[in-house]
There are 2 protein chains.
Amino acid sequence: MNHKFRCACPITSALDILGDKWILVIIKQMLIEDKRTFKDFTESDEAIATNILSSKLKCLEEFDIITKKQLPDNKKTNLYLLTEKGLALTPIIVELSIWSDENVRALNSIMRDSPEIEVLKSDKNAFIKMIIDTYKVKTENLI
Amino acid sequence: MNHKFRCACPITSALDILGDKWILVIIKQMLIEDKRTFKDFTESDEAIATNILSSKLKCLEEFDIITKKQLPDNKKTNLYLLTEKGLALTPIIVELSIWSDENVRALNSIMRDSPEIEVLKSDKNAFIKMIIDTYKVKTENLI
DNA sequence: AATATTGCTTGCAAATTGAAAGTAATTATA
DNA sequence: TATAATTACTTTCAATTTGCAAGCAATATT
């Protein structure tokens, strides 16, 4: 797979990787919903089809945003984990959640509350660090 | 047009609107490349097709992220301008540019330099405010 | 009055997405 | 140990989206 970039713009180039319906949803599921296995993802609210999931995971792996690992005591279940490059997407996820809370809520009647949003807004950097640290603690003993 | 949201997650709902190849590219072009007219967009480096542009602009208008205005002395040329809801996407654009500078540059050999990136990183909030204020100054006298 | 420009729309081919079913390897259960 | 269930996919095919090219109507320019 050799990805093509549209032009020399850094923002457009980021969107050449992240700009689709599923990539950032998968990152979010890994980062804050503890999704780690193929099955975890298929069971999520977003209900991604297995063929799409398979191709997107492959793509994320090629960009080194995630890595695929095996548990030492289980040859069947693969673990998909965020790399540093993937964890560096946390600020984008955080900004998406703020914008959504303020601008999309009114359009989606079933949108769930974000009780932590005020804490988040009061100190974004601390919140981002907390999410990343929590992820690392949760995953460091898995492999 | 009645948009469908995948689920109750605020982040996924944001991506139901923003998660595609073109939407955030168009926002970026308006916000920092002074693109305002249909022609402006078609002449950009990203070279969007006119039918796609037309449908995306319509979509952005329906979500109240942009507004379409006419110059009083020109009945042909339409101006597309960001609303407050659209300007509130600036932090997302800024985070995309930081992530890209640090993580995509190595993959895209033709990516242009971002000389302002260090200024940006040293005070994100000030940079975001500057972008928004500059946009408002540039556009307030157009209509 | 003739030409060029702007802002689209239409038609069609190519690519992507998605639902459903199938498969192979591994693990759990009777 | 045999059977069933689970996981992680792949395949097939239909539906949707994207993209190129051409066309067109209204307005602006020469």
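Residue numbers start from 1 in every chain, and the chains themselves are labelled A, B, ... in the order their sequence lines are given, proteins ahead of strands.
In this structure, B:N78 and B:K69 have side chains that are not in contact, with every pair of non-hydrogen atoms separated by 4.5 Å or more. Using a 4.5 Å heavy-atom threshold, the side chains of A:S54 and A:F38 count as touching. Considering only heavy atoms from C-beta on, A:E46 comes within 4.5 Å of A:Q29 through its side chain.
Phosphate proximity of D:dT10 to A:K58: present, with a side-chain N or O under 4.0 Å from OP1 or OP2. Within the 4.0 Å cut-off from OP1 or OP2 of D:dT7, not a single side-chain nitrogen or oxygen of A:K75 is found. Considering only side-chain N and O atoms, A:K39 lies nowhere under 4.0 angstrom from the phosphate OP1 or OP2 of D:dA5.
A salt bridge links B:R6 and B:D16; the closest N-O separation between the charged side-chain nitrogens and carboxylate oxygens is under 4.0 Å. Look at A:R36 and A:D40 and you find no salt bridge, because none of the NZ, NE, NH1 or NH2 atoms lies under 4.0 Å from a carboxylate O.
A donor-acceptor contact shorter than 3.5 Å is absent between the side chain of A:W99 and the backbone of B:G86. Of the possible donor and acceptor atoms, none in the side chain of A:T37 sits under 3.5 Å from a partner among the backbone N and O of A:T77. No donor-acceptor distance shorter than 3.5 angstrom exists from the side chain of A:K121 to the backbone of A:I98, with no hydrogens or angles considered. In this structure a side-chain-to-backbone donor-acceptor pair under 3.5 Å is missing from A:K124 to A:E95. The backbone N or O of A:D64 lies less than 3.5 Å from a partner atom in the side chain of A:T83, making a donor-acceptor pair.
Fit an axis to the five pairs at each end of the helix from C:dA1-D:dT30 to C:dA30-D:dT1 and the two axes sit 20° apart, to the nearest 10 degrees.
On a pure distance criterion of 3.5 Å, a polar donor-acceptor pair joins the side chain of A:T50 and the base of D:dT10.
The side-chain contact (heavy atoms from CB on, under 4.5 Å) test with B:K56 singles out one residue from B:N51, B:V25, B:I26, B:I66, and that residue is B:I26. Between A:I11 and the options B:S97, B:S100, B:S114, a side-chain contact (heavy atoms from CB on, under 4.5 Å) holds for only B:S97.
Between the C1' atom of D:dA26 and the CG atom of B:N78 lies a distance of 11 Å, rounded to the nearest Å. Taking atom CG of A:L57 as the reference point, atom C1' of D:dT10 lies 14 Å away to the nearest angstrom. In this structure, NZ of A:K56 is placed 15 Å from P of D:dT10, rounded to the nearest angstrom. At whole-Å resolution of the value, CG in B:N51 and C1' in D:dC20 are 8 Å apart. Between B:Q70 atom CD and D:dA26 atom P the separation is 14 Å, expressed in whole Å. At whole-Å resolution of the value, NZ in A:K68 and P in D:dT7 are 16 Å apart. Rounded to whole Å, the distance from CZ on A:R6 to P on D:dT18 is 11 Å.
For the segment residues 9-36 of chain B, the set of residues with a heavy atom within less than 4.0 Å of an atom of DNA chain D comprises B:K21, B:W22, in numerical order.
Where B:K76 and B:Y80 each meet DNA chain C at their nearest nucleotide, the meeting point lying more 5' is that of B:K76. Looking at which nucleotide of DNA chain C each of A:I52 and A:D73 is closest to, the 5′-most match is held by A:I52.
Distance from the side chain of A:T37 is smallest to D:dA8 among D:dT18, D:dT7, D:dA8.
The footprint of chain B on DNA chain C, defined by a heavy-atom cutoff below 4.0 Å, extends from C:dT5 to C:dG11.
Contact annotation for B:N74: backbone-only contact, meaning every heavy-atom pair under 4.0 Å involves sugar-phosphate atoms and none involves a base.
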